[in-house]
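Contents: one structure, followed by commentary.
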2 protein chains.
Amino acid sequence: MPYKERDIEKQYFTIGEVAAQFNVAPSLIRFWETEFEELRPRKSKKGNRLYTPQDIDIFRTIYHLVKERGYTIPGARDMLKQKGPQLKEKIDVIQSLEKIRKFMVTMKKELDAIGKAQG
Amino acid sequence: MPYKERDIEKQYFTIGEVAAQFNVAPSLIRFWETEFEELRPRKSKKGNRLYTPQDIDIFRTIYHLVKERGYTIPGARDMLKQKGPQLKEKIDVIQSLEKIRKFMVTMKKELDAIGKAQG
DNA sequence: ATGTCGCGCTCTTTGTATGGCATGGGAAGG
DNA sequence: CCTTCCCATGCCATACAAAGAGCGCGACAT
């Protein structure tokens with residue numbers, strides 16, 4: 001069964017979608033594009049940015065360095081050049097742990113609720 | 001053999017000495033003092049800052065984070081609170097390696113000189 | 001079918017608020 | 001006298017945000 005063109009196209013995300021996912025302004029993403037050569041997504045004929053999941057991984061790494069660890073942009077740039085790949089894996093681990101943490105927090109709430117009802 | 005008072009006193013460094021050691025302006029050291037509570041040296045009666053080697057270690061750590069790794073000041077502050085002690089040891093290792101590197105570079109120059117003389 | 005209106009999203013260019021110190025002034029030691 | 005102090009002010013780059021203009025697309029009328 002031949003799949004449609006749109007299905008192929010939708011491997012891409014718009015800048016607005018990426019911005020929403022990270023809760024940042026599109027202007028920030030465009031600005032970082034001028035600062036990090038790793039973050040240069042493909043563009044449509046019109047000129048709109050088309051982000052692949054890999055592009056988003058790169059953005060996530062930069063976001064982690066700049067917004068969560070407090071690197072300057074030059075600092076993040078150096079770090080990215082040196083340890084790009086290893087960094088991605090570390091951040092994946094961190095994200096997994098974050099999800100587990102959230103899960104456990106909700107579990108704790110549930111248990112507290114039961115405890116109160118019985119206590 | 002009893003050691004003299006001066007020998008004890010000279011465990012302290014002035015701001016100018018510290019500044020020279022790191023090749024920075026005294027104003028930078030004073031500014032960082034307002035930003036990092038870890039960097040609050042003892043003061044003389046007059047008010048002059050008296051830096052111990054430990055104070056200098058702390059300064060070195062901050063210097064490493066901000067000037068060499070490219071952290072913002074808030075980023076360096078967080079890092080320092082979390083990993084202050086471990087960080088110091090890492091930086092000691094880095095400094096040792098730096099010295100070894102310098103040594104090897106000069107050795108290489110010597111060897112190159114010999115090679116040329118004989119080749 | 002075909003304007004066309006309007007809305008939302010995008011684009012690039014330009015503006016701007018801190019951030020991160022440096023400098024200058026005056027006083028006070030060492 | 002040279003260095004230090006504190007304080008205020010100055011200042012330049014960093015790190016974005018806002019402004020202004022241009023698609024594209026669905027709705028609605030023609």
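Computed from a predicted structure; not experimentally measured. Atom set for the values below is all heavy atoms of this structure, side chains included, hydrogens, waters and symmetry mates excluded. Chain naming here is simple, since letters A, B, ... match the order of the sequence lines and numbering starts at 1 in each.
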Working for side-chain contact (heavy atoms from CB on, under 4.5 Å), residues T52(A) and D55(A): CA-CA 5 Å; T52(A) 66; D55(A) 290 330; 3.2 Å; yes
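Residues satisfying the side-chain hydrogen bond (donor to acceptor under 3.5 Å, both in side chains) criterion with R40(B), sequence neighbours excluded, are absent altogether. Applying the side-chain hydrogen bond (donor to acceptor under 3.5 Å, both in side chains) rule to E37(A) yields the partners K81(A); only residues at least two apart in sequence or on another chain are considered. With sequence neighbours left out, F22(A) forms a ring-ring contact (aromatic ring centres under 6.0 Å, His included) with F59(A), Y63(A).
Rounded to whole Å, the distance from CZ on R42(B) to P on dT4(D) is 18 Å. In this structure, the CD1 atom of I29(B) is 14 Å from the C1' atom of dA22(C), given to the nearest Å.
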Under 4.0 Å protein heavy-atom contacts per nucleotide of nucleotides 5-14 of chain C, with B for base, S for backbone only and - for none: -----SBB--
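Annotation: side-chain hydrogen bond (donor to acceptor under 3.5 Å, both in side chains) contacts involving residues 23-33 of chain A, sequence neighbours excluded, comprise E33(A)-R49(A).
Without hydrogens or angle criteria, Q86(B) side chain to K83(B) main chain gives no donor-acceptor distance under 3.5 Å. In terms of modelled atom types and a separation under 3.5 Å, the side chain of D57(A) and the main chain of Q54(A) share no donor-acceptor contact.
The two residues I15(B) and I29(B) have their closest heavy-atom pair at O-CD1, 3.9 Å.
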Shorter than 3.5 Å, N or O on both sides, protein versus nucleotides 15-20 of chain C: list them out with atom names.
none

